[in-house]
Amino acid sequence: MDSLTRQWVERAEYDLKSISHVLKGGRYLYVAFMCQQSLEKMLKAVVASHGKAPPFVHNLVRLAQDAQCYDEMSEEFRVLLADLNPYYIKARYGEYKQALSKVCTGLKAKFFFKKTQELSKWLKQKIK
């Protein structure tokens with residue numbers, strides 16, 4: 001694993017480990033945000049492992065396509081990427097934050113965390 005790829009993996013894993021602390025604190029919106037962040041970084045690690053510079057985008061579906069793993073992903077993982085996409089920017093600003101806070105319950109946050117762990121493990125296997 002090259003240095004750039006390793007850096008992305010380390011950042012993704014740091015975020016993933018941090019999620020359990022945020023979840024225990026009942027900050028469910030930030031669980032979803034951190035899940036998005038962790039997967040974004042792991043996807044960028046996969047892109048980097050293919051010898052490409054990761055794009056400056058935050059769209060998880062687009063990153064999975066750039067990582068050349070979207071087509072082989074399960075439908076469940078594809079839905080997860082789409083479901084987490086809004087939490088990147090909208091989760092951090094005013095009215096969007098309030099609206100998403102109402103939708104992101106503890107049950108949903110736990111689901112996002114579990115599935116993010118599974119997808120992260122799957123993505124790590126895609127690193128060359």
Side-chain angles (χ1 to χ4, degrees):
M1 184 181 313
D2 66 56
S3 175
L4 179 61
T5 302
R6 185 175 9 267
Q7 287 175 23
W8 281 115
V9 169
E10 288 172 359
R11 292 173 188 155
E13 289 178 343
Y14 182 88
D15 287 350
L16 195 59
K17 288 177 187 173
S18 298
I19 294 169
S20 62
H21 299 290
V22 178
L23 186 60
K24 286 177 189 171
R27 310 289 273 175
Y28 304 132
L29 180 61
Y30 287 96
V31 168
F33 172 72
M34 293 300 295
C35 286
Q36 187 282 337
Q37 287 290 284
S38 180
L39 289 175
E40 177 181 330
K41 292 168 186 167
M42 191 60 79
L43 285 163
K44 288 182 177 185
V46 177
V47 172
S49 78
H50 288 105
K52 298 186 221 169
F56 293 105
V57 297
H58 308 286
N59 183 303
L60 299 177
V61 173
R62 159 106 189 272
L63 286 168
Q65 291 166 340
D66 288 350
Q68 300 174 347
C69 61
Y70 185 78
D71 291 341
E72 61 185 283
M73 234 178 234
S74 69
E75 182 65 22
E76 183 178 44
F77 286 158
R78 289 180 188 182
V79 169
L80 177 66
L81 296 180
D83 285 349
L84 287 174
N85 260 339
Y87 290 95
Y88 169 66
I89 294 179
K90 292 181 181 179
R92 301 189 309 177
Y93 297 104
E95 63 194 48
Y96 294 117
K97 184 176 178 179
Q98 289 175 340
L100 286 173
S101 289
K102 293 176 185 174
V103 175
C104 195
T105 63
L107 187 61
K108 189 169 202 170
K110 288 175 186 173
F111 173 80
F112 280 155
F113 183 39
K114 180 178 183 269
K115 293 302 170 185
T116 295
Q117 290 173 309
E118 292 172 11
L119 179 51
S120 185
K121 183 177 179 180
W122 185 84
L123 288 169
K124 197 169 181 183
Q125 295 173 352
K126 301 298 174 191
I127 293 174
K128 294 184 176 188

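None of the values given here were measured: they were computed from a predicted structure. Hydrogens, waters and symmetry mates play no part in the numbers below; they use all other heavy atoms, side chains included.
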Rounded to the nearest 0.5 Å, how far apart are [atom1] of [X] and [atom2] of [Y]?
X     : Y     : atom1 : atom2 : value
Leu4  : Arg6  : CG    : CZ    : 10.5 Å
Leu23 : Tyr30 : CG    : OH    : 15.5 Å
Cys35 : Tyr88 : SG    : OH    : 16.0 Å

Exercise for the section: Give the cluster check for Val61 versus Val47: same hydrophobic cluster or not, with ILVMFWY residues linked at side-chain heavy-atom distances below 4.5 Å. Expected result: no

Practice task
Would you kindly confirm whether Tyr14 and Phe33 end up in one hydrophobic cluster when ILVMFWY residues are joined by side chain heavy atoms under 4.5 Å apart?
Solution key: no

For residues [X] and [Y], report the shortest heavy-atom separation together with the two atoms involved.
X      : Y     : result
Leu43  : Cys69 : CD2-SG, 4.2 Å
Ala45  : Val9  : CB-CG2, 3.6 Å
Ser120 : Leu39 : N-CD2, 4.1 Å
Ala64  : Leu81 : CB-CD1, 3.7 Å

Handout entry: Donor-acceptor pair between Asp2 and Thr5 side chains, under 3.5 angstrom
Key = yes

Any side-chain heavy atom of [X] sitting closer than 4.5 Å to one from [Y]?
X      : Y      : answer
Lys110 : Lys115 : no
Tyr28  : Val22  : no
Met73  : Leu119 : yes
Lys126 : Glu72  : yes
Leu63  : Lys44  : yes
Trp8   : Val46  : no
Lys41  : Glu10  : no
Lys108 : Phe112 : yes

Problem - Arg11, CZ atom: more than 12 neighbouring heavy atoms under 6.0 Å - result: yes

Practice task
Decide yes or no on side-chain contact (heavy atoms from CB on, under 4.5 Å) for Asp66 and Lys52, but give the supporting numbers first.
Solution key: CA-CA 9 Å; Asp66 288 350; Lys52 298 186 221 169; 5.6 Å; no

Problem - Reference residue Met42; test side chain to side chain contact (heavy atoms under 4.5 Å, CB included); the match among Leu16, Ile127, Asp15 - result: Ile127

Practice task
Using the ring of Trp122 (Phe, Tyr or Trp, six-membered ring only), decide whether Lys124 places NZ or CZ under 6.0 Å from its centre and within 45 degrees of its axis.
Solution key: no

Problem - Name of the residue among Glu40, Gln36, Gln37 meeting side-chain hydrogen bond (donor to acceptor under 3.5 Å, both in side chains) with His58 - result: Glu40

Handout entry: Ser38 side chain to Met34 backbone, donor-acceptor under 3.5 Å
Key = no

Handout entry: Sidechain-backbone polar pair: Arg78 side chain, Tyr70 backbone, donor-acceptor under 3.5 Å
Key = yes

Practice task
Any chance you could lay out the side-chain contact (heavy atoms from CB on, under 4.5 Å) test for Glu76 and Leu80, step after step, and finish with the verdict?
Solution key: CA-CA 6 Å; Glu76 183 178 44; Leu80 177 66; 6.0 Å; no

Problem - Lys/Arg N to Asp/Glu carboxylate O, Lys114 vs Glu118, below 4.0 Å - result: yes

